[in-house]
Amino acid sequence: LSLGGTKYTSCAPEPFGGEPITLQGIKTNITSPLLNGDPSAITVVSFPCMTESSQSVFFVDYFEFPNLAEVRFANWVTGPDGLFKFEDPFSEGSLTSIYAPRLTGTPSLEEVAITGHLVLTTVDL
């Protein structure tokens with residue numbers, strides 16, 4: 001884990017011990033004594049070392065990351081199982097880019113959903 005300025009990076013092959021990747025999990029890491037960061041300062045969340053994880057991704061934005069602009073899974077090829085979901089229930093988020101250009105999914109992928117993100121301009125899946 002690293003926190004550099006406004007960027008949160010997890011270089012684990014299976015972040016969060018293989019549990020679903022959520023904004024709440026990221027917030028817990030950022031505010032932990034190890035990183036002692038402020039989620040409101042984060043603009044980029046990155047998982048560059050994921051390549052073959054089957055983790056679900058479930059990002060629901062409840063104003064915990066008001067400046068989050070980019071989510072990156074640059075090298076993720078095989079995955080996820082279950083959900084790949086980005087939801088902004090109040091349509092007030094700042095997410096402009098979801099980057100996972102190598103992602104192929106798995107036979108057990110249940111749902112890909114991106115809802116409520118009014119400023120989202122780039123989705124690279």
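Placement of Leu118 and Tyr62 in two distinct hydrophobic clusters is found when ILVMFWY residues are connected by side-chain heavy-atom separations under 4.5 Å, directly or transitively. By the criterion of side-chain heavy atoms lying less than 4.5 angstrom apart, applied directly or through intervening Ile, Leu, Val, Met, Phe, Trp or Tyr residues, Phe63 is not grouped with Phe86; the two fall into different hydrophobic clusters.
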Q.
Using the rule given for side chain to side chain contact (heavy atoms under 4.5 Å, CB included), can you reason through Ser53 versus Trp76, listing the C-alpha separation, both sets of side-chain angles and the distance that settles it, and then say yes or no?
A. CA-CA 7 Å; Ser53 175; Trp76 195 9; 4.0 Å; yes
Q | Derivation and outcome, side chain to side chain contact (heavy atoms under 4.5 Å, CB included), residues Phe58 and Ile21 | A | CA-CA 6 Å; Phe58 188 53; Ile21 300 169; over 6 Å; no
Q) Going through the distances and angles, do Leu3 and Ile42 end up as a side chain to side chain contact (heavy atoms under 4.5 Å, CB included)? A) CA-CA 9 Å; Leu3 191 59; Ile42 301 301; 3.3 Å; yes
Q: Let me see the working for Thr104 and Val77 under side chain to side chain contact (heavy atoms under 4.5 Å, CB included), right down to the final yes or no.
A: CA-CA 6 Å; Thr104 60; Val77 177; 4.3 Å; yes
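Note that NZ of Lys27 and OG of Ser32 are 13.0 Å apart. Values are rounded to the nearest 0.5 Å. For the atom pair OG1 of Thr6 and CG of Asn67, the computed distance is 9.0 Å after rounding to the nearest 0.5 Å. The distance from atom CG of Leu83 to atom CZ of Phe59, rounded to the nearest 0.5 Å, is 12.5 Å. Between atom CD of residue Glu110 and atom OG of residue Ser56 there is a gap of 7.0 Å, rounded to the nearest 0.5 Å.
Within the 4.5 Å cutoff, the side chain of Leu68 has no heavy atoms near those of the Thr43 side chain. In this structure the side chain of Met50 never reaches within 4.5 angstrom of the side chain of Pro13, judged on heavy atoms. Residues Val119 and Leu95 have side chains not in contact (no heavy-atom distance under 4.5 Å, counting atoms from C-beta outward). Counting heavy atoms from C-beta outward, Asn36 and Thr31 have side chains that stay 4.5 Å or more apart. Here the side chains of Arg72 and Val44 are in contact, with some heavy-atom distance below 4.5 Å. The shortest distance between side-chain heavy atoms of Phe84 and Leu125 falls below 4.5 Å. Tyr99 has its side chain out of reach of Val71: every pair of non-hydrogen atoms, C-beta onward, lies at least 4.5 Å apart. Side-chain contact between Ile26 and Pro39: absent, with no pair of heavy atoms (C-beta onward) separated by less than 4.5 Å.
Nearest approach of Ile30 to Leu35, heavy atoms of both residues: O-CB, 3.6 Å. The minimum heavy-atom distance linking Phe90 with Asp61 is given by the pair CD1-O, 4.5 Å. Nearest heavy-atom pair, Val57 versus Phe73, reported as atom, atom and distance to 0.1 Å: CG2-CZ, 4.0 Å. Heavy atoms only, all atoms of each residue included: Glu111 and Ala113 are closest at OE2-CB, 3.4 Å. The shortest heavy-atom contact between Leu23 and Val60 is CD1-O, 3.5 Å. Nearest heavy-atom pair across Pro15 and Phe47 is CG-CD2, 3.6 Å.
Between the Asn75 side chain and the Cys49 main chain, no donor and acceptor come within less than 3.5 Å of each other. A donor-acceptor contact shorter than 3.5 Å is absent between the side chain of Glu87 and the backbone of Thr115.
For Thr51, the side chain to side chain donor-acceptor pair (under 3.5 Å) criterion is met by no residue, not counting sequence neighbours.
With respect to Asp81, the side-chain contact (heavy atoms from CB on, under 4.5 Å) criterion is satisfied by exactly one of Ser54, Pro107, Pro20: Ser54.
Looking at Thr122 and Ser97, their side chains never bring a donor and an acceptor atom within 3.5 Å of each other. With hydrogens and angles left out, the side-chain atoms of Thr22 and Gln24 include no donor and acceptor closer than 3.5 Å.
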